[in-house]
Amino acid sequence: MSAIGDNERIDVLDYLRGFALLGIILVNIGPLLAANPPAANSADAAYWRFLYLFIEGRFYTIFTFLFGVGLFLFIDRANTKGKKGQVLFVRRLIVLFIFGWVHVQFHPGEALTIYAISGLILLPFYKVNRNVNFIFGIIMLVVLGLFAAKIFMVIPLMLLGIAAGQYHLFQRIRHCIKETAVFTVIMLVLSLAGLTFQYQTAPSPAQVANSIQTQQFLNIGVTIGPVISAFYAGCIVMLIQVPFFRQLLAPLKSYGRMAFTNYLMQTTLILLAGKILQLQNHINYLQTLYICLAIYVIQLIYSTLWLRYFKFGPMEWVWRALTYQELPPMRKSS
């Protein structure tokens, strides 16, 4: 979620935001519709295990990291233009918190309020040396990860995003493909090791609902989450260097450019589907996947069409207007 102008955007960030949103909804929909625990030896149980091996704790980490990148870019570019970047960003966080407060009434556990508070805490780190931010972020992430302190891991993930912004990582990424490939392979090896370990602790279908083994399985997932997230992100970065895949994944770029709108819209569409189709407490985990696929189609098409004619997503425009206290032009010039 970023207020960067259309001509200043870094495409890879939009691809990564869009990719992160695809995973976030898969995890959020279960609690929102109160999905039933999977039955023993069912396809639903297999999907539940897949969800907590490959999705949960993998995509929100990318989204959180990117928020930190956006924090740095927003302030840096505002300062370059002679504006008070940190003052504007505080206003931006206040607006985000208000939206989050409204959103949490419908989606308990949502991320916007946490992002707003965390962004405020990390604001002074914008001026801290990038090496200090990077080292401190890594140490804090490892320690909190070992304790599976998921909610507190937001802070080091954002801090690492700030450091990435300070290193101008994403502006230079296309010139560092070899290094990115090596990094991705290393993350793949570590991910396979971590997933193998986590899989060995997977509860039996009969234990999924409540058990110490289930909690251990989930905690290990939180601990290894950032490594798997880094592998996923590396794969996306590598893929979009190839023109064929860059074009194929173009809808993902539009999806990510409208991340704020689409994140809120995901909740809206899930709750509408639950109400209209009477799915609350009457849906299993595998069935939630079908709802998500339908939402993907709606949002990817909508985002692509919308950005053909407009510079910002609807909620991005509102967020920007309230931040700058002026109405930015919405329609693209013909």
Side-chain angles (χ1 to χ4, degrees), residues 1-11 13-18 20-21 24-25 28 60 62-81 83-107 110-123 126 154 157-158 161-162 165 252-269 299-300 302-332:
M1 291 177 279
S2 170
I4 297 169
D6 187 54
N7 61 338
E8 300 175 316
R9 300 196 71 89
I10 302 171
D11 284 351
L13 297 179
D14 290 326
Y15 280 103
L16 287 171
R17 283 191 192 96
L21 279 173
I24 286 171
I25 187 176
N28 286 345
Y60 96 92
I62 298 174
F63 207 61
T64 304
F65 171 81
L66 293 174
F67 189 89
V69 177
L71 183 157
F72 175 81
L73 291 176
F74 181 95
I75 297 173
D76 190 58
R77 287 172 171 174
N79 288 342
T80 300
K81 294 175 182 177
K83 299 178 180 180
K84 296 179 179 179
Q86 288 175 296
V87 173
L88 283 172
F89 198 77
V90 169
R91 193 184 299 160
R92 182 171 173 79
L93 291 175
I94 292 171
V95 175
L96 182 65
F97 183 85
I98 293 170
F99 277 118
W101 182 82
V102 174
H103 187 227
V104 79
Q105 310 306 313
F106 303 93
H107 183 181
E110 66 88 48
L112 301 183
T113 50
I114 295 172
Y115 279 15
I117 294 169
S118 299
L120 195 60
I121 293 170
L122 289 172
L123 201 55
Y126 167 78
V154 168
L157 286 167
M158 281 190 187
I162 293 171
L252 212 56
K253 176 182 168 184
S254 299
Y255 198 42
R257 281 186 62 184
M258 290 175 52
F260 189 30
T261 295
N262 284 321
Y263 178 69
L264 296 175
M265 193 175 169
Q266 283 180 354
T267 302
T268 303
L269 291 173
Q299 290 195 309
L300 287 167
Y302 167 74
S303 299
T304 302
L305 292 176
W306 180 276
L307 289 174
R308 284 184 185 177
Y309 304 101
F310 302 102
K311 294 182 177 181
F312 312 102
M315 295 309 300
E316 283 76 12
W317 184 85
V318 173
W319 196 10
R320 188 182 182 97
L322 292 173
T323 297
Y324 290 97
Q325 297 184 342
E326 61 183 32
L327 299 180
M330 180 63 134
R331 291 189 65 88
K332 288 184 176 179

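Predicted, not measured: the structure shown is a model, and the values here were computed from it.
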Polar side-chain atom of E316 near backbone of K311 as donor-acceptor pair, under 3.5 Å: no
4.5 Å side-chain heavy-atom contact, F97 and L120: no
Q86 side, atom CD; D76 side, atom CG - distance, nearest 0.5 Å: 11.0 Å
Rounded distance [0.5 Å steps], CG in L112 versus NE2 in H107: 9.5 Å
For R320 against P328, the heavy-atom pair lying closest together: CD-CG, 3.8 Å
Residue among L96, L157, I162 satisfying side chain to side chain contact (heavy atoms under 4.5 Å, CB included) with F67: L96
Main-chain N/O of A111 paired with Y263 side-chain donor or acceptor, under 3.5 Å: yes
Reported OG1-to-NE2 distance for the pair T268 and H103, which is rounded to 0.5 angstrom: 6.5 Å
Side-chain (W319) to main-chain (R92) donor-acceptor, under 3.5 angstrom: yes
Nearest non-hydrogen partners of G313 and M258, listed with the distance: CA-CG, 3.7 Å
Any donor-acceptor pair under 3.5 Å from Q266 side chain to N28 backbone: no
Contact summary for F310 and K332, nearest pair of heavy atoms: O-CE, 3.4 Å
Side-chain heavy atoms of V318 within contact of F260, under 4.5 Å: no
Heavy-atom side-chain contact between M315 and L264 under 4.5 Å: yes
D11 side, atom CG; R257 side, atom CZ - distance, nearest 0.5 Å: 8.5 Å
Within-4.5 Å side-chain heavy-atom neighbours: L322 and I94: no
Pairwise side-chain contact, L71 with M158, heavy-atom cut-off 4.5 Å (strictly under): no
Closest approach of D14 to K253 (non-hydrogen atoms, all atoms of both residues): CB-O, 3.6 Å
Parallel, tilted or perpendicular: rings of W306 and Y302 (30°, 60°): tilted
Student check: side-chain heavy atoms of I10 and L73 closer than 4.5 Å: yes
Shortest non-hydrogen contact from M265 toward Q299: CB-NE2, 3.3 Å
Side chains of T304 and Y255 in contact at under 4.5 Å (non-hydrogen atoms): no
Nearest-0.5 Å distance, CZ of residue F74 to CG of residue L88: 5.0 Å
Closest contact, heavy atoms only, F72 versus G165: CE2-O, 3.1 Å
Distance in Å, T261 OG1 paired with L21 CG, rounded so as to fall on 0.5 Å steps: 10.5 Å
F89-Y126 aromatic ring centre distance below 6.0 Å: no
